[in-house]
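Chain identifiers are assigned alphabetically (A, B, ...) following the order of the sequence lines, protein sequences preceding nucleic acid strands; residue numbering begins at 1 within each chain.
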Amino acid sequence: MNRSRLIARRLAQMIPVLIGVTLVAFALLQLIPGDPAASMLGLHATPEAVAALRHQLGLDQPLWKQYLTYLGDVATFNFGTSLKFRTTVAALLADRLPVSLWLVVYSAALTALIALPLGILAALWKDSLFDQIVRAVLMVTMVMPAFWVGILLLIVFSLRFGLVPVAGAGEGFVDSLHHLFLPSLTIAVGIAPVLVRSLRTSVLEAMGSDYVRTARAKGLAERAVVSAHVMKNALIPPLTLFGLSIGYLMGGTVIVENVFGLPGAGKLLVDAISARDYPVVQSETLIFAALVIAVNLVTDLVYTFLDPRISIS
Amino acid sequence: MHDRMDRKEELAALARAAFEGSLDRRAFFRRAAALGLAGPAATAMFRTYRAAAFQDATTTASNPITVTIGGTPIAVGIEDTSKAPKGGTFKFARASDSDNLDPVTNDGNVNIWIFTNIYDTLVRVTPDGANLEPALAEKWDISSDGKTYTFHLRPGVKFSDGTPMKASDVVWSFTRAANDPEQHWTFTLTALKRDDKGNVQGISTPDDQTVVIELPQPWAPFLADIAMFNMSVISEAFAKDDPKKLTDQCMGTGPFALKEWAKGDHITLVKNANYWEEDLPVLDQVVVSIVADDNARIIQLQGGEIDGLDSPPFSRVDELKSDPSLKVWELPSTYTKYATLNSEKDPLGDANVRLALNYAVDRDTLIQVVLFGLGIPATSFMPKGALYWNPNLPGFPYDVDKAKSLLAKSKAPNGFPLELQSLAGSADEDALASALKDMWSKIGVDVTITPVESSVSTDNYRKGNFQAQLTSWTNDIIDPDELVAYAILPSGSNMFGTHWSDPEAEKLAKQGEEELDPAKRQQIYYRIQEIFNEQAAMVIFYHQPYLAATTAKVHNFLQPPTGQWVWKQTWVEQ
């Protein structure tokens, strides 16, 4: 099977998964207590006003009917109107999703920039002082909570040294690289340690394998051994982890957006959950899920380049 | 430590001297420099205290705003704006964005505190929160039977788009406020005449400059009612065809107009060039940004990204106060904290139990633990200093023995388990709930703290799904009728969630609405507060100020006790 057919098939498989996601998101919102109409009208409203608003929003319809209406809307890319902001969800997301996605991409890039050299060098120089320091330091950054790291970075880099702005997402590519550096770094230092450890282990494993011994016996230069033989094989396990951590990254943006005051989708999601803003919660859940699935598809495709033995079917 | 105290005392003495005018400018700066205070910080301090010396003495006496700069607190009033440099931008950060700027379909402070800078009312509250003064109505006549109000509109007032404000705009706005199915505020409109279908009647316009409102009965709080933000005058021409657009577009006569709202990021207000008050606003622009994290907001202030921030956490106020480049504003508020007790859940129907819970609370300790000392113990359910607040009530002085003996006389002589619902994620309520658990355990009440998120809390509150719930109140009008009707009269609020009722209090609350003699009204509301305390309908805790921090260059950061930000007199030194 060629790659384009694989992609087509995997995309088709996304549909039932996404329908499952809509069902779970819908059901969870029904299960948690709290009523959007009551939230919207506040404490002074009369019970009649709440009932009228529930009717207007269709919340008094049977659940299956509400779900089917919602599913029909989604199928036509109508994400509805935010109950809290009273504007369309599409308009809200158009402003915020790009900030969050850019943050995810930037953090992923920084994560790779940190993890690749550190992981490989730690393995090549196993048990050296460098290796020990990398492992000890990363153990610490991994367990530090993101909101605290963020504040710490702000105090040091923004307040003390004035190197980066304390707030805002920036305008244009270069400016946003500057503005979003600390938020992305905050996320990256939380995720990179896992990848470094995995990379270090798999490089060490590959170095001890028969094909590397053969390559060395054939008199290949060490540089060639590492780049051509070790790396290709050693990258697969950390790559899997990396693909999985993209989902985690999206969760990470929520906290980081709060600390750095970024107008992103993560913050919107949290606000929407507490306001029981059903259309926003459901749409965001669906979009995040679709993105995670897409990233996993890309990860799978990258495998096939790294190791042709991995069967496409 | 000792050195630091000395410096603080010397700074205080210096501020006092500047305030009293006993130091000239040069002498002030010499002494400030000796205390290590130089440059803009010293200038800011001098200006703050010198300005404080010249303001209206009555404002300071009855209702002081406290500004602390470089560790020294002082009471200030409104500074004279005539010498302020015109123009400039005030950048201000808060935790959450607005979600709806329509004055009618709204009860969120995140919205109200913004749009009150955009809209005006016929009558408005004075800055000290104690009185009413003319706004869009220049004057008014009240008929001798108290049923007919004739408002004479201020001539020449224009909306921010330049169109003149007419009597018909007032009628349209009031009618919509009363008839819109999504309107949030019924209590300010109960006085109006309605037909069989519930539509408002009795509002007429003899000419373009006059509005007459006829009430079916005399209504003492009426002027206070129409001073509330939901009676904002909105341009009929702008909104008539599509009132829904008022959720994110505004057209008012206030000092500012809405320029831009990037949802979730910032709101930009721009000076209304047509504003009717001479030489106001001082600023050209106000930019209100959203920074959810408390500590991040403080870092932005320290880093010069913003000029001011809302609600710094109480735990960090001391640190901010000691920074000479900042001003910490403590503004008197009507914010009062309570635990609502659901009297339908055993044993809370027994007044002895509720009294015992009140006497077992050590309010001074609570204020230290939760507010880091920045509060006043409450002796009444009404906000201290508000109209007809009863100064003669002893409240519930901390007395564990008395609490125990009250409980011994009750249905639960040996104590009982109590579920206390608090707001999840609120540091203040966490601290309050934990302290209460400890205090009430001393009389045998075993508290389980249940943190719930806000929408669950609202839902539980409405449905009575709680034994005790932490709650709070802020007056929206200066008349006690708002709170008294909410807490005493039967309505959708279930008497502030207590389900407690008292025939005498109910009768008095209704009398208070129609009694026009202020002396008699005072008696009525004093008595209502006595009854409330005799039966301890809720557990009352404390009153807390509004807090804000700005750079030392910001002047007139104002917030009346009813809570709105008032930016028309604010300015930022360049």
Side-chain angles (χ1 to χ4, degrees), chain A residues 32-50 52-53 56 82-87 91-92 95-96 99 147-148 150-151 154-155 158-160 162 164-169 254-265 267-268 270-271 273-277, chain B residues 93 95-100 102 105-108 181-187 244-245 247-248 262-266 289-293 295-306 424-425 452-463 465 471 473 476 482 486 491-493 496-497:
Chain A
I32 48 174
D35 176 36
S39 290
M40 280 169 82
L41 291 182
L43 295 177
H44 285 278
T46 58
E48 295 80 47
V50 175
L53 186 60
Q56 190 197 324
S82 159
L83 304 180
K84 181 170 148 69
F85 287 105
R86 295 158 200 242
T87 42
L92 279 178
D95 286 340
R96 309 202 186 196
V99 177
F147 62 87
W148 187 74
I151 291 291
L154 273 174
I155 289 175
S158 299
L159 282 192
R160 201 50 58 74
V164 274
V166 286
V254 175
I255 295 160
V256 168
E257 281 167 14
N258 262 346
V259 172
F260 290 90
L262 299 173
K267 169 126 200 333
L268 177 66
V270 174
D271 289 349
I273 292 171
S274 34
R276 298 291 181 271
D277 194 344
Chain B
S96 321
D97 197 7
S98 304
D99 48 51
N100 171 11
D102 183 343
T105 60
N106 223 313
D107 72 348
E182 282 186 49
Q183 60 101 349
H184 278 45
W185 302 92
T186 42
F187 78 89
K244 292 253 178 221
K245 76 177 179 186
T247 54
D248 50 15
K263 290 185 179 174
D265 191 38
H266 69 271
S289 60
I290 312 304
V291 183
D293 189 278
N295 296 313
R297 276 203 303 285
I298 292 173
I299 286 179
Q300 291 204 4
L301 183 66
Q302 291 167 333
E305 181 74 21
I306 52 173
V452 288
E453 359 151 38
S454 65
S455 65
V456 179
S457 168
T458 310
D459 215 32
N460 286 349
Y461 175 85
R462 286 181 167 282
K463 292 177 180 154
N465 287 337
T471 185
W473 177 268
D476 294 287
E482 180 191 14
Y486 191 75
S491 71
S493 67
F496 215 145

> Checking A/E257 against chain B: side chain, backbone, both or neither under 4.5 Å from a heavy atom?
Replying inline: neither
> Which region of A/I255, side chain (C-beta onward) or backbone (N, CA, C, O), has a non-hydrogen atom less than 4.5 Å from a non-hydrogen atom of chain B, or is it both or neither?
Replying inline: neither
>> Report which part of B/E453 has an atom under 4.5 Å of a heavy atom belonging to chain A: side chain, backbone, both, or neither.
In response: side chain
> Rounded to the nearest 0.5 Å, how far apart are CG of A/L268 and CG of B/D97?
Replying inline: 10.5 Å
> With a 4.5 angstrom heavy-atom cut-off, which part of B/A95 approaches chain A: side chain, backbone, both or neither?
Replying inline: backbone
> Measuring from B/N295:CG to A/N258:CG, what's the distance to the nearest 0.5 Å?
Replying inline: 12.0 Å
> Checking heavy atoms, do the side chain of B/D99, its backbone, both or neither come under 4.5 Å from chain A?
Replying inline: both
> Can you name the side chain to side chain donor-acceptor pair (under 3.5 Å) partners of B/S98, sequence neighbours left out?
Replying inline: B/R94
> Quick one: are B/K263 and A/T87 in side-chain contact, heavy atoms under 4.5 Å?
Replying inline: yes
> With only heavy atoms counted, which part of B/N106 is less than 4.5 Å from chain A, the side chain, the backbone, both or neither?
Replying inline: neither
> Is the closest side-chain heavy-atom distance between A/K267 and B/D265 below 4.5 Å?
Replying inline: no
> Who wins among A/L92, A/V99, A/V259, A/D95 for the most heavy-atom pairs under 4.5 Å with chain B?
Replying inline: A/V259
